J.: 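Got a structure for you, written out below as structure tokens; questions coming shortly.
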Amino acid sequence: MKNSWDHKKTMMEEPLLESTQKGGLRALPFIIANEAFEKMATYGLMPNMILYLMKQYHMEMTTASNIMFFWSGATNFMPVLGAIISDSFLGRFRTIGFGSIVCLMGMILLWSTTIFPQTRPPPCDESSETCIPPTIFQSLFLCTSLGLMSIGAGGIRSSSLAFGADQLESRDGRKNLAVMESYFSWYYASYTLSVLIAVTCVVYIQDNMGWKVGFAVPAVLMFFSAVSFFLASSFYVKLKCKSSLVVGFIQVITASYRRRHLKLSANCTDVVYHCKEGSALVFPSDSLRFLNKACIVKNPEKDLTPDGNSADSWNLCTVDQIEELKSLIRVVPIWSTGMIMSINICQNSFPVLQATSMNRNISSGFKIPAGSFVMFTVISIILWIALYDRVFLPMASRIMRKRIYISTLNRMGAGIFLSFMAMVVTAVVENIRRSFAVREGCEDKPQAVVHLSAMWLVPQYCLSGFAEALNAIAQNEFYFSEFPRSMSSIASTLNGLGMSAANLLASFILSSIDDLTKSGGNESWISSNINKGHYDYYYLVLAGLSMANLIYFLLCRRAYGPRKEEREQPGNMTVS
């Protein structure tokens with residue numbers, strides 16, 4: 001039987017047979033550029049999309065917002081399917097390449113809605129103030145373009161982070177924690193920088209040069225994304241895909257149920273467990289012990305084949321399969337806290353309407369586009385990453401004469417708290433803005449601009465940026481450190497899956513509040529007329545949900561127990 005070293009060595013060397021120069025730092029710029037251009041293209045469309053749907057497709061605020069939630073939810077969910085396909089069938093390289101092409105097709109279709117009048121409703125009749133809603137064909141055409149972009153983004157985002165990590169691993173499969181931590185931070189920094197360019201330059205082009213040019217730019221950027229990735233094809237380390245993890249999880253659950261009457265021994269040495277060839281895992285862990293029944297060999301002659309494999313994978317699983325499922329189950333409560341926090345992050349439509357109704361002039365000749373205010377969130381993320389990674393940690397390490405490391409769970413909790421503060425500030429600012437609108441007689445004029453500087457919105461954007469930087473980066477590090485290497489693609493998509501679920505929950509909360517507050521003929525809190533609605537009350541509801549989430553997180557953190565990063569870094573000073 002091969003030992004663990006031989007197995008890892010074989011696994012790492014197989015993709016490198018053609019060249020010993022593959023992988024390493026030189027492959028990273030092409031991988032990062034691919035996702036950076038994709039993010040630049042996608043996020044360049046999102047800020048003004050609410051205005052495009054309301055003005056060009058004549059949708060109500062609630063309808064347009066729900067479409068935005070569903071689109072964002074699909075975009076964040078597709079990476080999960082992409083990870084399954086990548087790990088089980090196509091491999092990361094093919095998955096990213098396929099996603100790049102499909103995303104480009106979606107952006108070309110969306111751009112065509114600005115070119116061909118048949119793909120969107122005719123302009124409103126200003127004399128009668130009537131607007132024709134989109135036809136079924138026009139709605140399907142629009143949704144097809146958005147769907148293709150979501151599928152394509154799923155292929156890219158599911159594998160890019162893990163594909164880059166593949167290039168940095170040593171030949172024995174070991175990870176350099178310092179290099180990986182720096183890679184995660186600067187990978188996220190490149191992402192935020194591309195978003196910054198998107199919400200400033202691309203949005204500015206849309207505001208000043210129209211939808212035709214404004215939607216053509218993301219399509220061109222996506223073309224560069226695909227080209228940059230395929231240019232370095234010969235440089236990449238391309239690990240072979242394995243059997244489906246999802247099928248493995250189902251097999252473990254099925255085998256555990258079939259063997260539910262089997263008694264577990266208190267002494268694990270008295271039991272024979274089915275181990276994967278070459279694996280270092282010989283015994284299952286004590287947590288979630290009921291799953292251990294799935295890997296117990298009751299009768300070697302019946303349960304195992306002559307070569308030592310399981311005779312029925314749906315009745316007997318390996319210790320590795322058990323531990324993979326356990327690692328996923330254990331992080332679900334922690335993951336759900338990030339999902340609830342993401343409800344605040346995905347509130348993209350309302351801030352654009354807020355900024356539209358406020359004074360955005362910087363000078364007599366320049367006005368900040370309403371969709372570009374999210375740049376303050378992006379700047380905050382980049383600023384936090386730079387200060388934390390290059391100033392705070394090195395300075396603290398020199399003072400303490402040890403490498404200081406703030407635990408991932410500490411950073412996640414701090415991010416949830418700052419997200420709560422962001423919602424409180426947003427509610428206060430919206431209350432002030434609405435008071436100005438009512439006092440100036442603009443309550444029946446949703447397009448009117450009140451005499452209040454839009455720079456009042458900056459603090460809420462900055463708090464959201466700091467919250468996202470703390471929580472999102474820590475989530476990625478947490479999943480990668482807690483999961484086995486075989487689950488690296490799934491680890492990189494869990495944050496996106498949380499965003500997807502958050503968009504669905506946000507849509508549910510939005511629709512529920514809209515239905516409750518407009519009952520009895522009252523004006524909805526989320527009215528299309530922002531001056532008649534009460535968006536401040538809506539944000540207070542989100543603030544209350546955020547506070548409840550913070551308490552829930554503290555309970556989940558306490559229940560989780562010791563983490564791998566605490567066991568594997570005895571020489572570091574961990575602030576936990």
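The model shown is predicted, which means the values in this text are computed figures rather than measured ones.
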J.: Starting at CD1 of Ile513, measure out to CD1 of Ile526 and round the result to the nearest 0.5 Å.
T.: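 Reported to 0.5 Å precision, the distance equals 5.0 Å.
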J.: Can a donor-acceptor pair be found, under 3.5 Å and without considering hydrogens, that links the side chain of Ser65 to the backbone of Thr62?
T.: no
J.: With a 4.5 Å cut-off on side-chain heavy atoms, are Leu494 and Trp335 touching?
T.: yes
J.: List the steps, then state whether side chain to side chain contact (heavy atoms under 4.5 Å, CB included) holds for Ile156 with Met222.
T.: CA-CA 12 Å; Ile156 297 172; Met222 195 60 232; 3.7 Å; yes
J.: Could you give the distance from CD1 (Ile382) to CG (Leu387), rounded to the nearest 0.5 Å?
T.: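 Atom-to-atom, Ile382:CD1 and Leu387:CG are 11.5 Å apart.
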J.: Under a 4.5 Å cut-off applied to non-hydrogen side-chain atoms, are Arg411 and Ser407 in contact?
T.: no
J.: Please check this pair: side chain of Thr63 against backbone of Met59, looking for a donor-acceptor N/O pair closer than 3.5 Å.
T.: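 Flag not set: sc Thr63 to bb Met59 has no pair under 3.5 Å.
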J.: To the nearest 0.5 angstrom, please state how far the CZ atom of Phe77 sits from the CD1 atom of Ile151.
T.: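 Separation between the atoms: 11.5 Å.
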J.: Considering all heavy atoms of both residues, which atom of Leu45 and which atom of Pro218 are nearest to each other, and what is their separation?
T.: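 Nearest heavy atoms, Leu45 then Pro218: CD2-CG, 3.7 Å.
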J.: After noting the C-alpha distance and the side-chain angles of Ser100 and Ser225, does the key distance pass the side-chain hydrogen bond (donor to acceptor under 3.5 Å, both in side chains) rule?
T.: CA-CA 7 Å; Ser100 300; Ser225 173; 4.6 Å; no
J.: Using the side chain to side chain donor-acceptor pair (under 3.5 Å) criterion, which residues pair with Ser464? Sequence neighbours excluded.
T.: none
J.: Within the structure provided, determine whether Met455 and Val458 are in side-chain contact (heavy-atom separation under 4.5 Å).
T.: yes
J.: Report yes if some heavy atom in the side chain of Gln475 is under 4.5 Å from a heavy atom in the side chain of Met341; otherwise report no.
T.: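 A side-chain contact under 4.5 Å is absent here.
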J.: Keeping to residues at least two apart or across chains, list the salt bridge (Lys or Arg N to Asp or Glu O under 4.0 Å) pairs with something in residues 460-471.
T.: none
J.: Is the count of non-hydrogen atoms from other residues, nucleotides or ligands lying under 6.0 Å from Trp71 atom CH2 greater than 12?
T.: yes
J.: How far does CD1 of Ile340 sit from CG of Leu505, to the nearest 0.5 angstrom?
T.: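 Atom-to-atom, Ile340:CD1 and Leu505:CG are 8.0 Å apart.
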J.: Using ring centroids (six-membered ring only for Trp), state whether Tyr560 and Phe478 fall under 6.0 Å.
T.: yes
J.: Going through the distances and angles, do Ile473 and Glu477 end up as a side chain to side chain contact (heavy atoms under 4.5 Å, CB included)?
T.: CA-CA 6 Å; Ile473 295 176; Glu477 289 184 31; 3.5 Å; yes
J.: Measure across Ala294 and Ile322 and return the closest heavy-atom pair with its distance rounded to 0.1 Å.
T.: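 Heavy atoms of Ala294 and Ile322 come nearest at CB-CD1, 3.6 Å.
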J.: Would Arg433 and Ser357 satisfy side-chain hydrogen bond (donor to acceptor under 3.5 Å, both in side chains), going step by step from the backbone distance to the final call?
T.: CA-CA 9 Å; Arg433 188 211 63 79; Ser357 65; 3.2 Å; yes
J.: Are any side-chain N or O atoms of Thr426 and backbone N or O atoms of Gln460, one a donor and one an acceptor, separated by less than 3.5 Å?
T.: no
J.: Using only atom types and a distance under 3.5 Å, with no angle test, would you say the side chain of Thr42 pairs donor to acceptor with the backbone of Lys39?
T.: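 Judged by distance alone, no pair lies under 3.5 Å.
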J.: Quick check against the 3.5 Å criterion: does Ser342 have a side-chain atom that pairs as donor or acceptor with the backbone of Ile345?
T.: no
J.: Under the criterion side-chain hydrogen bond (donor to acceptor under 3.5 Å, both in side chains), I'd like the reasoning laid out for Ser419 against Asn471: C-alpha separation, chi angles, the key distance, then a yes or no.
T.: CA-CA 10 Å; Ser419 180; Asn471 192 274; over 6 Å; no
J.: Taking all atoms of both residues into account, what is the closest heavy-atom pair of Ser158 and Gly82, and its distance?
T.: OG-C, 3.5 Å
J.: Could you go step by step and tell me if Phe283 and Val319 meet the side chain to side chain contact (heavy atoms under 4.5 Å, CB included) rule?
T.: CA-CA 7 Å; Phe283 303 109; Val319 176; over 6 Å; no
J.: Relative to each other, are the rings of Phe350 and Tyr535 parallel, tilted or perpendicular (30° and 60° limits)?
T.: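 Perpendicular: the ring planes of Phe350 and Tyr535 meet at over 60°.
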J.: Would you confirm whether Asn522, through its side chain, and Ser519, through its main-chain N or O, come within 3.5 Å as a donor-acceptor pair?
T.: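 Yes; judged by distance alone, with no hydrogens or angles, the pair exists.
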J.: Identify every side-chain donor-acceptor pair in residues 368-378 under 3.5 Å, counting partners at least two apart or on other chains, and give the distances.
T.:
residue : atom : partner : partner atom : Å
Ser372  : OG   : Val199  : O            : 2.4
Thr377  : OG1  : Tyr461  : O            : 2.9

J.: Any donor-acceptor pair under 3.5 Å linking the side chain of Arg259 with the backbone of Asn292?
T.: no
J.: Walk me through it: do Ser194 and Phe37 pass the test side chain to side chain contact (heavy atoms under 4.5 Å, CB included)?
T.: CA-CA 7 Å; Ser194 64; Phe37 278 125; over 6 Å; no
J.: Taking the six-membered ring for Trp and the full ring for Phe, Tyr or His, determine whether the centres of Phe229 and Phe93 are under 6.0 Å apart.
T.: yes
J.: For Arg157, which residues count as a salt bridge (charged side-chain N to carboxylate O under 4.0 Å, His left out) partner, sequence neighbours excluded?
T.: Glu38
J.: So do Arg557 and Asn410 actually touch side chain to side chain, heavy atoms under 4.5 Å?
T.: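 Asn410 vs Arg557: side chains touch.
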J.: Is the count of non-hydrogen atoms from other residues, nucleotides or ligands lying under 6.0 Å from Tyr552 atom OH greater than 12?
T.: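 For Tyr552, atom OH is crowded (more than 12 foreign heavy atoms under 6.0 Å).
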J.: For Ala414 versus Leu470, what's the shortest heavy-atom pair and its separation?
T.: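 Ala414 and Leu470 have their closest heavy atoms at CB-CD1, 3.9 Å.
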J.: Applying side-chain hydrogen bond (donor to acceptor under 3.5 Å, both in side chains), run through Ser72 and Asn503 and close with a yes or a no.
T.: CA-CA 7 Å; Ser72 180; Asn503 277 277; 3.1 Å; yes
J.: If I compare all heavy atoms of Ser500 with all of Gly73, which pair ends up nearest, and what's the gap?
T.: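 Nearest heavy atoms, Ser500 then Gly73: OG-O, 2.6 Å.
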J.: Locate the shortest heavy-atom distance separating Asp514 from Ser524; write the atom from each residue and the value.
T.: OD1-OG, 2.5 Å
J.: Just to verify, what does Lys326 make a salt bridge (charged side-chain N to carboxylate O under 4.0 Å, His left out) with, not counting sequence neighbours?
T.: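 Per chain and number, Lys326 pairs via salt bridge (charged side-chain N to carboxylate O under 4.0 Å, His left out) with Glu323.
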J.: Ring of Tyr257, cation from Arg260 - is the NZ or CZ under 6.0 Å from the centre and inside 45° of the axis?
T.: yes
J.: In the structure I gave you, are the side-chain heavy atoms of Ile509 and Leu545 within less than 4.5 Å of one another anywhere?
T.: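 Yes, their side chains come closer than 4.5 Å.
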J.: Taking the side chain as C-beta and beyond, is there a heavy-atom pair between Asn66 and Phe69 under 4.5 Å?
T.: yes
J.: So, do Leu550 and Phe420 sit near enough that their side-chain heavy atoms are less than 4.5 Å apart?
T.: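 No, too far: nothing below the 4.5 Å cut-off.
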J.: Taking atom CG of Asn34 and atom OG of Ser159, what is their separation to the nearest 0.5 Å?
T.: 10.5 Å
J.: Would you give me the side-chain donor-acceptor pairs under 3.5 Å for residues 536-543, sequence neighbours excluded?
T.:
residue : atom : partner : partner atom : Å
Asp536  : OD1  : His534  : ND1          : 3.2
Asp536  : OD2  : Asn431  : ND2          : 3.0
Tyr538  : OH   : Gln347  : OE1          : 3.0
Tyr538  : OH   : Gln347  : NE2          : 3.3

J.: To the closest 0.5 Å, what do you measure between CD1 (Ile31) and CG (Leu161)?
T.: 10.0 Å
